[in-house]
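Structure first, commentary second.
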Amino acid sequence: MKIVYMGTPDFAVQALELLYKSEYEVVLVVTQPDKGRDRGKKVQFPPVKEKALELGLRVSQPEKIKGNEEFIEELEKLKPDLIIVAAYGKLLPKSVLEIPRVGCINIHGSLLPKYRGAAPIHWAVINGEQETGVTIMHMEEGLDCGDMISKASTLIGKKTTAMLHEELSILGAQLLLNTLPGICDGTAERVKQENEKATYAPMVFKKDGHLDFTKSPKELEQFIRGFNSWPGAYAILGEENMKIWESYDLEKENGSAIGTITKVSAQGIEVSSGGGTLQITKIQMPGKKPMMVSDYLKGNKLIEGTLLK
RNA sequence: CGCGGGAUGGAGCAGCUGGAAGCUCGUUGGGCUCAUAACCCAAAGGUCAGAGGUUCAAAUCCUCUUCCCGCAA
């Protein structure tokens, strides 16, 4: 089996590595172009490129695919049996989807048809879902709408997006390897997605992390967990951005104005929010590392009554 | 060479207009107490990131290096 692997971030690294160790032959790794300078220094390679180079695999980084005749020809010449896509970052045109003999399959970080799109894990956490998972599916034109082949799920509980990212990348890689034999010999089942149940999980950006304290403590806690570790939730304290890494819903009434710091202790910072009290326990100030509030207070002061915006 | 913050005892910080290294917390020992994460007393613990330079004297000024982080991408 000749396989072309397409993926970009950390989420896609695990599957590449497992594939490499398996009996399948990875003939080409396609990933996004290198990013701009990292804090003014060196260029950053996408994680998948790093891994591919380490494994000695051929890497291709087309700027765009649609209409890129040169790249599509290159793919056709390889005559891959299968293309596997994991968080590549761009939609593939029909001309590419039709190249491999067996087809194109995708590892997606949600239990489809829920959370189609770029940030399925983030939104599952933010929305307070009980569980999430990975789905292996056939690719069709359109966003994450192809027939499903297999799924694996996990409980969310109090896990952060970062934790689920790692967990699901491993789960997805294992599921892929378990599912591949059936895909190759055509015995794998195909289940149509119930389109009317589909939801969309758009990309999240740094500016989306600004906390809105009119929301309930429960929603805020989920939001903060969903934005951990990237892009990070934050509130504005004075003139500075205070990034918030961990919080709890105290399930306690709070009569103060929304956003007011009502109590400061080694346990955390209590903030009045929609219908209750949120306790912030781990924060990060600009230029500093993330730290527990108890550590922050050893050398800094926080006055009760201050307003977070 | 995108902009900027930072590196000081275990932790978080102050000191940085140069002249004997400090605060809060923690740790250890002791005391008080029915008791305590509370209080009181005492002690240990730092080559001030590294390398050069200026100076009678550098954590503090100048140069270079390494590492951490925020913003922008």
Side-chain angles (χ1 to χ4, degrees), chain A residues 7-13 30-51 53 59-65 87-91 117-119 121-122 160-163 165-166 201-213 220 223-248 250 252 259 261-271 277-309:
Chain A
T8 303
D10 285 314
F11 183 76
V13 170
V30 182
T31 191
Q32 295 286 328
D34 299 336
K35 289 193 179 165
R37 288 131 211 90
D38 178 30
R39 218 150 5 215
K41 287 248 172 171
K42 48 219 153 172
V43 280
Q44 274 210 307
F45 290 173
V48 162
K49 180 180 179 181
E50 297 270 11
K51 178 56 74 178
L53 293 177
V59 176
S60 178
Q61 298 175 278
E63 278 291 337
K64 58 177 187 177
I65 292 183
Y88 172 61
K90 281 194 176 73
L91 289 179
I121 303 174
H122 288 90
T160 62
T161 293
M163 294 161 85
H165 237 96
E166 191 179 341
M203 181 87 101
V204 292
F205 300 96
K206 225 159 210 179
K207 63 178 165 78
D208 300 328
H210 196 339
L211 290 177
D212 171 8
F213 287 106
L220 288 167
F223 184 88
I224 289 164
R225 206 148 35 79
F227 269 65
N228 174 338
S229 61
W230 192 90
Y234 65 92
I236 294 169
L237 172 65
E239 302 272 304
E240 297 183 309
N241 273 17
M242 180 168 81
K243 212 171 202 172
I244 297 167
W245 285 81
E246 274 176 28
S247 67
Y248 294 91
L250 285 186
K252 189 169 97 178
I261 294 176
T262 52
K263 188 178 175 193
V264 177
S265 73
Q267 307 305 311
I269 304 165
E270 294 184 17
V271 183
T277 306
L278 183 75
Q279 183 179 57
I280 296 166
T281 52
K282 190 175 184 182
I283 62 177
Q284 179 177 23
M285 298 309 286
K288 298 298 187 181
K289 293 181 181 177
M291 67 183 86
M292 299 306 290
V293 168
S294 55
D295 286 329
Y296 177 80
L297 292 174
K298 283 169 186 168
N300 298 277
K301 280 180 185 159
L302 254 183
I303 300 160
E304 293 175 9
T306 307
L307 211 58
L308 288 180
K309 293 178 186 165

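Numbered from 1 within each chain, the chains take letters A, B, ... in sequence-line order. Note that the structure is a prediction, hence the values are computed from the model and not measured.
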*Separation of atom CD1 in A:Ile283 from atom C1' in B:rG70, rounded to whole Å*: 14 Å
_Length of the NZ-P vector between A:Lys298 and B:rG12, whole Å_ = 8 Å
*When you compare B:rG30 with B:rA11, how far apart are their P atoms, in angstrom units rounded to a whole number?*
26 Å
*Under 4.0 Å: is that the gap between some side-chain N or O of A:Lys289 and OP1 or OP2 of B:rG6?*
no
*asked:* From CG of A:Asp34 over to C1' of B:rA73, roughly how many Å is that when rounded to an integer?
replied: 14 Å
_Between B:rU66 and B:rA51, how many Å separate the two P atoms, rounded to a whole number?_
15 Å
*Between P of B:rG12 and NZ of A:Lys282, the distance in whole Å*: 12 Å
_Side chains of A:His165 and A:Asp10, heavy atoms from C-beta outward: is any pair under 4.5 Å?_
no
*asked:* In whole Å, measure the gap between the C1' atoms of B:rC61 and B:rG2 for me.
replied: 28 Å
*Counting only N and O atoms by type, is there a donor-acceptor contact under 3.5 Å from the side chain of A:Thr8 to the main-chain atoms of A:Tyr88?*
yes
*Return the nucleotide paired to B:rU17: Watson-Crick means purine N1 to pyrimidine N3 with N6-O4 or O6-N4, wobble means G-U with N1-O2 and O6-N3, both under 3.5 Å.*
none
*Span that lies between the P atom of B:rG9 and that of B:rG15, in whole angstrom*: 16 Å
*asked:* Using atom C1' in both nucleotides, what's the gap between B:rC13 and B:rG31 to the nearest angstrom?
replied: 30 Å
*asked:* Output the rounded distance in Å from OH (A:Tyr296) to P (B:rG26).
replied: 19 Å
*asked:* Whole angstroms only, please: what is the CD1-C1' distance between A:Ile236 and B:rC71?
replied: 13 Å
*Quote, to the nearest angstrom, the P distance that separates B:rC23 from B:rC41.*
13 Å
*Write down the distance between NZ (A:Lys301) and C1' (B:rA14), rounded to a whole number of angstrom.*
11 Å
*Provide the distance between the two C1' atoms, one in B:rU8 and one in B:rA21, to the nearest whole Å.*
9 Å
_Pair A:Gln61, A:Asp34: side-chain N/O donor-acceptor within cut-off below 3.5 Å_ = yes
*Assess whether atom CD of A:Glu166 is packed by more than 12 heavy atoms of other residues, nucleotides or ligands within 6.0 Å.*
no
*Once you apply the 3.5 Å cut-off to both distances, tell me the Watson-Crick or G-U wobble partner of B:rC39, or none.*
B:rG31
*A:Gln284 near the nucleic acid: base, sugar-phosphate alone, or nothing, with a heavy-atom cut-off under 4.0 Å?*
sugar-phosphate
*If you look at every strand shown and take non-hydrogen atoms under 4.0 Å, does A:Met291 touch a base, only sugar-phosphate, or nothing?*
sugar-phosphate
*Between C1' of B:rG6 and NZ of A:Lys288, the distance in whole Å*: 5 Å
*Who is the Watson-Crick or G-U wobble partner of B:rG2, with both distances under 3.5 Å?*
B:rC71
*Would you tell me whether A:Gln32 and A:Lys90 have side-chain atoms, one donor and one acceptor, within less than 3.5 Å of each other?*
yes
*Quantified in whole Å, what is the C1' atom distance between nucleotide B:rG6 and nucleotide B:rC16?*
14 Å
*Taking a pair as Watson-Crick or G-U wobble with both distances under 3.5 Å, which nucleotide is matched to B:rG12?*
B:rC23
*B:rA7 pairs with, by Watson-Crick or G-U criteria that keep both distances under 3.5 Å*: B:rU66
*What are the two closest heavy atoms between A:Gln284 and A:Trp245, and how far apart are they?*
OE1-NE1, 3.1 Å
